Asker: 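Dumping the structure here so I can ask a few things about it.
Worth saying up front: this structure is predicted, and the values here are computed from it rather than measured. Note: hydrogens, waters and symmetry copies are ignored here, and every other heavy atom, side chains too, is used.
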Amino acid sequence: QVQLVESGGGLVQAGGSLRLSCAASGRTFSSFAMGWFRQAPGKEREIVAAISWSGGSTYYADSLKGRFTISRDNAKNTVSLQMNSLKPEDTAVYYCAAPTRTLRYLPLKEADYGSWGQGTQVTVSS
């Protein structure tokens with residue numbers, strides 16, 4: 001099992017930027033993909049972005065392409081989410097997640113992930 005701790009959330013005005021970080025421990029970080037999810041009030045948790053173990057493959061939800069960037073530093077066991085041009089609809093609790101095993105595909109479904117951080121609140125004011 002891997003332990004995940006997110007940081008970097010906060011309150012920002014629309015059009016602003018935030019950078020979320022997730023520190024991983026307890027497992028060989030470089031051997032598995034990572035994902036960022038978010039859950040807005042009254043809504044289901046949805047995938048934001050995912051990145052392969054090497055960083056060579058990434059995925060973004062359609063509505064976020066061009067605004068969010070996922071990256072990872074395997075030497076530091078961290079995965080980051082750079083969020084630019086934030087909108088009020090981006091307000092949510094953001095979670096980083098790791099799959100329970102090494103997969104041959106980039107995991108995009110919540111069910112693919114077994115380890116979750118505690119979440120960090122991102123609030124975008126209009």
Side-chain angles (χ1 to χ4, degrees):
Q1 195 77 319
V2 62
Q3 290 75 48
L4 304 170
V5 179
E6 302 99 336
S7 61
L11 174 65
V12 64
Q13 289 187 333
S17 299
L18 281 175
R19 185 176 180 86
L20 306 183
S21 293
C22 175
S25 62
R27 204 167 118 200
T28 305
F29 180 75
S30 60
S31 66
F32 50 91
M34 293 291 295
W36 282 98
F37 289 74
R38 68 184 183 183
Q39 187 168 22
K43 296 187 177 180
E44 294 186 352
R45 189 154 54 183
E46 62 177 358
I47 188 165
V48 172
I51 187 167
S52 63
W53 66 270
S54 67
S57 294
T58 56
Y59 166 86
Y60 297 94
D62 286 342
S63 62
L64 305 176
K65 288 179 181 177
R67 297 193 298 122
F68 288 18
T69 303
I70 189 171
S71 61
R72 66 188 296 160
D73 186 336
N74 287 344
K76 296 182 179 180
N77 288 2
T78 58
V79 60
S80 299
L81 185 69
Q82 178 66 43
M83 305 185 295
N84 298 327
S85 302
L86 283 162
K87 304 175 181 179
E89 51 263 44
D90 294 319
T91 295
V93 178
Y94 285 71
Y95 301 88
C96 71
T100 53
R101 64 189 191 282
T102 300
L103 301 171
R104 295 183 179 273
Y105 54 89
L106 192 61
L108 304 182
K109 299 179 180 179
E110 189 173 343
D112 288 328
Y113 292 84
S115 297
W116 296 83
Q118 81 287 355
T120 186
Q121 177 70 46
V122 171
T123 302
V124 184
S125 63
S126 57

Asker: Between S30 and T28, is any pair of side-chain heavy atoms under 4.5 Å apart?
Answerer: yes

Asker: Can V122 be reached from L4 by stepping across I, L, V, M, F, W or Y side chains whose heavy atoms are under 4.5 Å apart?
Answerer: yes

Asker: Can you tell me if N74 uses its side chain to pair, donor with acceptor, with the backbone of S54 under 3.5 Å?
Answerer: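 Pair absent, no side-chain N/O of N74 close to backbone of S54.
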
Asker: Just say parallel, tilted or perpendicular for the rings of Y113 and F37, cut-offs at 30° and 60°.
Answerer: perpendicular

Asker: Would you indicate whether the side-chain heavy atoms of D90 and L64 approach each other to under 4.5 Å?
Answerer: yes

Asker: Is the side chain of Y60 donor-acceptor paired with the backbone N or O of I70 at a distance under 3.5 Å, no angle test?
Answerer: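 Answer holds: yes.
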
Asker: Within the distance-only criterion (no hydrogens, no angle test), does the side chain of E6 pair as donor or acceptor with the backbone N or O of Q118 below 3.5 angstrom?
Answerer: yes

Asker: Step through the shown structure and confirm whether more than 12 heavy atoms of other residues, nucleotides or ligands are within 6.0 Å of CH2 on W116.
Answerer: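 Atom CH2 in W116 is packed in, count exceeds 12.
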
Asker: Does anything in residues 98-109 pair up under side chain to side chain donor-acceptor pair (under 3.5 Å), and if so which pairs, sequence neighbours excluded?
Answerer: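 Found Y105-D112.
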
Asker: Are the side chains of V2 and M34 in contact, using a 4.5 Å heavy-atom criterion?
Answerer: no

Asker: Is there a donor-acceptor contact under 3.5 Å linking the side chains of Q82 and S80?
Answerer: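 Absent: no donor and acceptor within the cut-off.
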
Asker: Taking T78 for the side chain and A23 for the main chain, is one N or O donor matched with an acceptor at less than 3.5 Å?
Answerer: no

Asker: Taking side chain as C-beta onward, heavy atoms only, is V5 less than 4.5 Å from Q3?
Answerer: no

Asker: Is it the case that the side chain of R72 and the backbone of S52 share a donor-acceptor pair, with hydrogens and angles ignored and the cut-off at 3.5 Å?
Answerer: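 Looks like yes, one N/O pair under 3.5 Å.
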
Asker: Are any of the side-chain heavy atoms of E110 and E44 separated by less than 4.5 Å?
Answerer: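 No - every pair of side-chain heavy atoms lies 4.5 Å or more apart.
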
Asker: Do the non-hydrogen side-chain atoms of C22 and W36 ever get within less than 4.5 Å of each other?
Answerer: yes

